[in-house]
Q: 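Dropping a structure here in structure tokens format, bear with me for questions.
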Amino acid sequence: MSKLIDKLFGAIDHVTERGSRQMAHRLGRRTFLSFVGKVAVGGAIMPLLPFDRDGGGTARAAAEKTDQECEYWRYCALDGFLCTCCGGTINQCPPNAQVSAVTWVGTCQNPGDGKEYLISYNDCCGVASCGKCLCNFNLRERPGYRMGVHNDINWCMANTQSNYHCTVAAVVGLGNSNG
Amino acid sequence: MSKLIDKLFGAIDHVTERGSRQMAHRLGRRTFLSFVGKVAVGGAIMPLLPFDRDGGGTARAAAEKTDQECEYWRYCALDGFLCTCCGGTINQCPPNAQVSAVTWVGTCQNPGDGKEYLISYNDCCGVASCGKCLCNFNLRERPGYRMGVHNDINWCMANTQSNYHCTVAAVVGLGNSNG
Amino acid sequence: MRLGLFAAAMLASTAILPAYAQEAAKEIQPEEITNVKITAGTEMLFSMDLALNHVVDGRIYVMDAKTLKPIGIIGTGSLGMAQFPQGSKDIYVATSHLSRTTRGERSDFVEVYSGEDLTFKEEIPISNNRAQALNYRSLFQPSAEMKYLFVQNATPATSVTIVDLAAKKQIGDIPNPGCYGIFPSAKTATRFATLCGDGTVGTIDVKPDGTGEMKPSEAIFDADADAIFTSAYRWGDYWVFPSYGGNIYVIDVEGDTAKLVDKIEVAKGVEGNWRPGGYQPLTVHDKNGIAYMLMHSNGTEGSHKNPAEEIWAVDLKAKKVIGRSKSVPAIGLTVNQGDKPALFAIDGLKAEIVRYDLPDAGKEFALTPAVAASGGDLPDQVEVR
Amino acid sequence: MRLGLFAAAMLASTAILPAYAQEAAKEIQPEEITNVKITAGTEMLFSMDLALNHVVDGRIYVMDAKTLKPIGIIGTGSLGMAQFPQGSKDIYVATSHLSRTTRGERSDFVEVYSGEDLTFKEEIPISNNRAQALNYRSLFQPSAEMKYLFVQNATPATSVTIVDLAAKKQIGDIPNPGCYGIFPSAKTATRFATLCGDGTVGTIDVKPDGTGEMKPSEAIFDADADAIFTSAYRWGDYWVFPSYGGNIYVIDVEGDTAKLVDKIEVAKGVEGNWRPGGYQPLTVHDKNGIAYMLMHSNGTEGSHKNPAEEIWAVDLKAKKVIGRSKSVPAIGLTVNQGDKPALFAIDGLKAEIVRYDLPDAGKEFALTPAVAASGGDLPDQVEVR
């Protein structure tokens, strides 16, 4: 875990420079990490996520949507081009696009198991905008004063290559929207 | 006339640098000017062109096309966005776009009087591409080895602000295509 | 004539031009190629096009506000913001350029364009941390008296760049952590407010050295239950905000800390669960004190960017809806401030700007569709001056 | 996981994230976010998109040649040219970038991208005079043995930039006045030919110091009566050109001066006045010696960019048309060079790439439509490797 944190902090210090370093300082390193720690390293040995990644099987039967369609369940708070239409996959950027260093999140219900999952929407960066499969869903999305759930901004902002290309939607935890 | 030529040569030397200066030198200044002189300064006091600039009146009645349509007679060798759809007119660039320093030409028949006219297609330069009224006609157009009648290249190439915005179509002489 | 026929001239003798073109010159007065001049006093409509498919090449489409005929284009780079301050003749753009178009080094600037002929005038370098966001009017604002320009930053840590317009340089970068959007004071050139995720509104006074501290207000809104949109309009000295839940918050930012002046429950008691939606869901005609809102029915959590079905007129003094009208599926709305007011809406599906004429002051609310024109690939803000 | 949740993490404690999200972390293995790896040996299709509506933001859409499923995008700046040399693993782009996206200083480069993962590798500065043109394959060509890259310039005076690939720098700029297009020798790394407006073909031998003189051939074509297209393909050591009038010119550029090897009158005697048209109207399957041509009927002066109605197969050895087939309205065409040849056409109206499977060698000509996919906004060149 400390290696992960070092990597995270190293990268943050590097890419977002003054702003985020100040912020981390202001909030305190412990507070800063409390959330990431839980999500990133919780239950590290679970072998598989409880749903089909390509939207097939149970999940797809229920949702009837593939991950190249805006209505696919993971996209409940995604605003952007689906990387699945741009040479990427649901959680992989196209070959030459940088994974964004920072993200916004959504909490979406998987119709396959009825559970809610925390979704990290990473932009893929540094390549001309993909232009395919533009989607816009905004469940629990808020303006920039709730930056972590705001989707009207370029989340490649902290990358050395800052141009927006497309967006992936990775499951990073179980969610609980309380309704 | 010498003032015009000075202006022309000054600009050429400035904007196209080595290439065109060498070319002018190679061809000889007199040869270089023989064509421009005739077109630019011939019959300097004729008050009006023999057709309506907006495509109205006789010309329009015959052609049934306005200068915001690709089929308007002056556009017989134009490949690009009509400036008439971008805030310009048939022979005026939009307010903030530079007139191109160099041009290609076409010879188009005006259905209003049945005569052929030499058309200078000037690109307007230095502003994001207009994107409206894309037209593509190629009467007597030839590849780049006949550069003066080639339309698949950015004719803002010799301007300090080289981005392509849109294209005007000015009558600069009577034409004779020999059919 | 300008330099028109250079190419033809230069190349005529080398078989590059066909013989017939070399013979072409006859006794005729060639047309001069010049630039269109914009008639002084033309009311202009500005459609800000995000151009997301080519996000490095955003632009402002400038049109005649009366006819929506095109006047010209101003390029705004990568996710640039624009401001058209009333009373100014200039247009301000805060944007980013990459050294190799879609890759390479990022450089941020405030750029100044002439509102008289749309030409580029100058650029002021700013730090490379501005929020590269959709076009929200609150992310780039001038201070009172045009002393400063304020640029919202996000790295994602938030701060505000202060540009001194007289000195033409950045003088500060003041953190507004947990907060977003800039709402300048109408009277105090050094003061602006910002919306915060805890429901407070922060007030920042810029010191001469470009520093400043944020002073929170009392809690004014609830970001979970009734989040405020960050696209707001002025009504006199107040700022007017719509909320996700269908309310209007009137906020006074003139004092040391911000104060809620009024909360108007616009949609309360109306059948159909109507809510505001879009990127610029409310505008205010300052003189008449009427807010116009983009409203959609069957509103739910997450519907806050849905296009409008109706436009509602709300009398801010009487605190009530004074009219409703069908609308194109609009996602942005502005109103001109003259005596013959007109609304300009962004049709989010057709990517068009639509002009609706409004009745004269005192007459009953009604919308008269006038003209429509392309607003670009993906317009997300509309302004008029 | 990478750095995924930084924003959420950073902002969770300041009321920027709602409470439910802070509670969300549970016992679950988060998905890692990585990059797709391209399977080694994948045959790739490259659609070059002029993107004229956003001309600074041209791109290459890279697809799997078999399925036309997207692999990725390479940005090509303002009117950039690209080359995918057979046998090389790299992709070369010659392009221009402006310092302020659509305005400011112009800088030209040869850029090198990896054909294995499409990432940017390096850039070589070149002089700012390259032809900013539609995508024509003859405007940017590698020499034999990949010793040089040749870039066609136009100011509008024409010259050719010589880039030394080992030294990674420009070593010369050789005038080819009145001429245009680059057709390298297959055997001599220092030699290339160029088409001239007087109907000759010039041959230039690049000296070690980057200079060279152009030696004209005898007159080979008539630019008025039967102009040659500048988009040509190789057939063995020859270059094969279509002409406006419906002929194929086979030209040998290996010698000191170029020579016409053959002129095949493809459309002669065929009813309907068929002519080639488009931006890339002919391609050659090298091994089979078959040229495929985009043909339209009722050809006239000025119809040379018209989209195709049919694709014709021409046996270059037998000098005759061996088949005709209906086509999408294509403006560009290429063929892969393997034993299972397929044609890839640009549908100029739908802006799509269409794959047609070809019969095995020796079988009768027929086109089997296989798949189609978007080729961008305005694709004007298609290549396969």
Side-chain angles (χ1 to χ4, degrees), chain C residues 6-8 10-11 13-20 49 51 53-59 73-78 80 93 95-105 107 109 111 113 119-120 123 154-158 177-180 196-200 219 222-225 227 376-377, chain D residues 6-11 13-20 49 51 53-59 73-78 80 93 95-105 107 109 111 119-120 123 154-158 177-180 196-200 219 222-225 227 376-377:
Chain C
F6 158 63
M10 191 182 77
L11 304 167
S13 62
T14 59
I16 286 162
L17 262 194
Y20 63 78
D49 182 9
N53 287 15
H54 292 277
V55 71
V56 298
D57 190 24
R59 52 273 292 282
I73 290 175
I74 294 174
T76 55
S78 289
V93 172
T95 194
S96 311
H97 299 287
L98 301 177
S99 61
R100 300 293 180 264
T101 309
T102 57
R103 58 182 181 80
E105 203 184 336
S107 306
F109 300 93
E111 300 172 345
Y113 292 83
T119 53
F120 170 74
E123 65 188 18
T155 64
T158 49
C179 310
Y180 201 64
C196 304
D198 62 3
T200 65
D222 181 333
D224 292 315
D377 294 349
Chain D
F6 159 63
M10 191 182 79
L11 304 168
S13 64
T14 58
I16 287 163
L17 263 194
Y20 63 80
D49 183 8
N53 287 15
H54 292 278
V55 71
V56 298
D57 189 25
R59 52 273 292 283
I73 290 174
I74 294 174
T76 55
S78 288
V93 172
T95 193
S96 312
H97 299 287
L98 302 177
S99 61
R100 300 292 180 265
T101 310
T102 56
R103 60 182 179 81
E105 203 183 336
S107 307
F109 300 93
E111 300 173 345
T119 52
F120 170 74
E123 66 187 17
T155 64
T158 49
C179 309
Y180 201 63
C196 303
D198 61 3
T200 65
D222 181 333
D224 292 315
D377 294 348

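Naming convention: chains lettered A, B, ... in sequence-line order (proteins, then strands); numbering from 1 in each chain.
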Q: May I ask you to name which of R103(D), E123(D), R59(D) has the most heavy-atom pairs under 4.5 Å with chain C?
A: R103(D)
Q: Counting only heavy atoms closer than 4.5 Å, note whether S99(C) contacts chain D via side chain, backbone, both or neither.
A: backbone
Q: Return the option, out of T101(D), T102(D), D57(D), L98(D), with the maximum number of heavy-atom pairs under 4.5 Å with chain C.
A: D57(D)
Q: Excluding sequence neighbours, so at least two apart, what forms side-chain hydrogen bond (donor to acceptor under 3.5 Å, both in side chains) with D377(D)?
A: H54(C)
Q: Measure distances from Y180(D) to the heavy atoms of chain C and classify the residue's part below 4.5 Å as side chain, backbone, both or neither.
A: neither
Q: Apply side-chain hydrogen bond (donor to acceptor under 3.5 Å, both in side chains) to T76(D) and list each qualifying residue two or more places apart in sequence or on a separate chain.
A: none
Q: Do F109(D) and R100(C) touch side chain to side chain, with heavy atoms closer than 4.5 Å?
A: yes
